[in-house]
Amino acid sequence: MSFVPDLLKGKRAIVTGGATGIGSHIVRKLGQLGANVGIISRRQESLQTAVKSFAADDNLEVHYQVGDVRKETVIQAAVASLADKMGGLDIMVCNAAGNFICPTENLSANGWRTVIDIDLNGTFHSCKAALPYLKEATDGGRIISISTSQANTGWPTAAHAGAAKAGIQNLMQSLAVEWGPYGIRANWITPGPIEGTEGVERLITAQGRTDEVLEKIPLGHFGNGEDIANAVVYLASTTGRYVSGTELAVDGAARWGRI
Ligand code: HXC
């Protein structure tokens, strides 16, 4: 499946957590369609490896900054530096996330806080840091957060992540209203299980749940990174100009199968 070449030519995008997993698919797709892309991640090594592979595989020059989304001032500086390098910012993809399986009765306060801090507070910091640049975006700024189907149903054994992602969805609705007058659209994508990601490896495969989960996905298979990247393109380009404050589920109807 392909979009019109150069659909995103002239656009500038930042993807948090863009070095690996779903984030790296989003980066490739935005870059392939002509956007200038910057990524932020905690680990310098992952960033350097990713940037090399974007260049080798797709001939993309992707900018990067080391930064932990939990740290407000660090993220402010990282976003500012990337936006300055790219000459502005049109698309902010809040993708960085942390998660682990733990029954809630065994979950420590620090374990709970850590995931809320990465997922929910990290998204807040990223949006705040992007705001001054998105206000100046050529055709209206876009904020696209990566959530998860379980944000809408509860997430037994990952209650911290479910609550954080539900918070992100609510934040997007508030920003859509508050920042709509600046031309900014704020939406979220709820991926179902996406093959090849650390999330699926650790949360499904390593738990021996692959067959059980596949049976509950009405389309009968996991998604892939490109499915999510295509949804980001829809929301980020002119096709999504009148869409704000809403969810785009890309999950093979997994939410109704309640995985
Ligand atoms: C119980 C755990 C734990 C585990 C960490 N903790 N892992 N508790 N079971 N498996 C507790 C620790 O004991 C500690 O609490 C607290 O959490 C903080 O742990 P740290 O290791 O110090 O935190 P940190 O180094 O900052 O690491 C953050 C992390 C880690 C979230 C815990 O897993 C991480 O960095 N993950 C990033 C990558 C990632 O998770 N990717 C997948 C995202 S996928 P105490 O009380 O001991 O101090 C996703 C969607 C998947 O989000 C969808 C699939 C369907």
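Counting convention: from 1, in listed order, for ligands and their atoms alike.
Ranking the protein heavy atoms by distance from atom 43 (C) of ligand 1 puts A97 O, 3.9 Å first. The protein heavy-atom contact nearest to atom 40 (O) of ligand 1 is R202 NH2, 2.6 Å. The nearest heavy-atom contact from the protein to atom 49 (C) of ligand 1 is N99 ND2, 3.8 Å. For atom 48 (O) of ligand 1, the closest heavy atom belonging to the protein is N110 ND2, 2.9 Å.
D90 places a side-chain N or O within 3.5 Å of a backbone atom of T138 that can act as its donor or acceptor partner.
Within the structure, ligand 1 has R70 among the residues with a heavy atom less than 4.0 angstrom away.
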Might you work through the side chain to side chain donor-acceptor pair (under 3.5 Å) test for D58 and Q32, ending with a clear yes or no? CA-CA 7 Å; D58 292 282; Q32 286 161 359; 2.8 Å; yes
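Ligand 1 places these atoms under 4.0 Å from at least one heavy atom of L203: 51 (C), 54 (C). The ligand atoms of ligand 1 that sit less than 4.0 angstrom from a heavy atom of S108 are 15 (O), 45 (P), 46 (O).
Residue-environment remark: CD (Q48) exceeds the threshold of 12 foreign heavy atoms within 6.0 Å. Around atom CZ of R202, more than 12 heavy atoms belonging to other residues, nucleotides or ligands sit under 6.0 Å away.
Considering H63, K11, R12 in turn, H63 is the only one that fulfils the side chain to side chain donor-acceptor pair (under 3.5 Å) rule with N36.
With F100, W155, W112, F222 as candidates, the residue nearest to atom 3 (C) of ligand 1 on a non-hydrogen basis is F100. With distances taken over non-hydrogen atoms, the option nearest atom 17 (O) of ligand 1 out of G199, P193, G192, G111 is G111. Which of R42, E198, Q150 comes nearest to atom 34 (C) of ligand 1 through a heavy atom is settled by distance: it is R42. With N106, T114, I204 as candidates, the residue nearest to atom 23 (O) of ligand 1 on a non-hydrogen basis is T114.
There is no protein heavy atom closer than 4.0 angstrom to atom 19 (O) of ligand 1. At a distance under 4.0 Å, no protein heavy atom can be found next to atom 12 (C) of ligand 1. Of the protein's heavy atoms, at least one falls inside 4.0 Å of atom 52 (O) of ligand 1.
Under 4.0 Å is where a charged nitrogen must lie from a carboxylate oxygen, and between D117 and R113 no such pair does.
For the pair C94/I146, no side-chain contact is recorded, criterion being any heavy-atom separation below 4.5 Å from C-beta on. At least one side-chain heavy atom of C127 sits under 4.5 Å from a side-chain heavy atom of M172.
Between H160 and W112, the ring planes lie parallel to each other; the angle is under 30°, not in the 30° to 60° tilted range.
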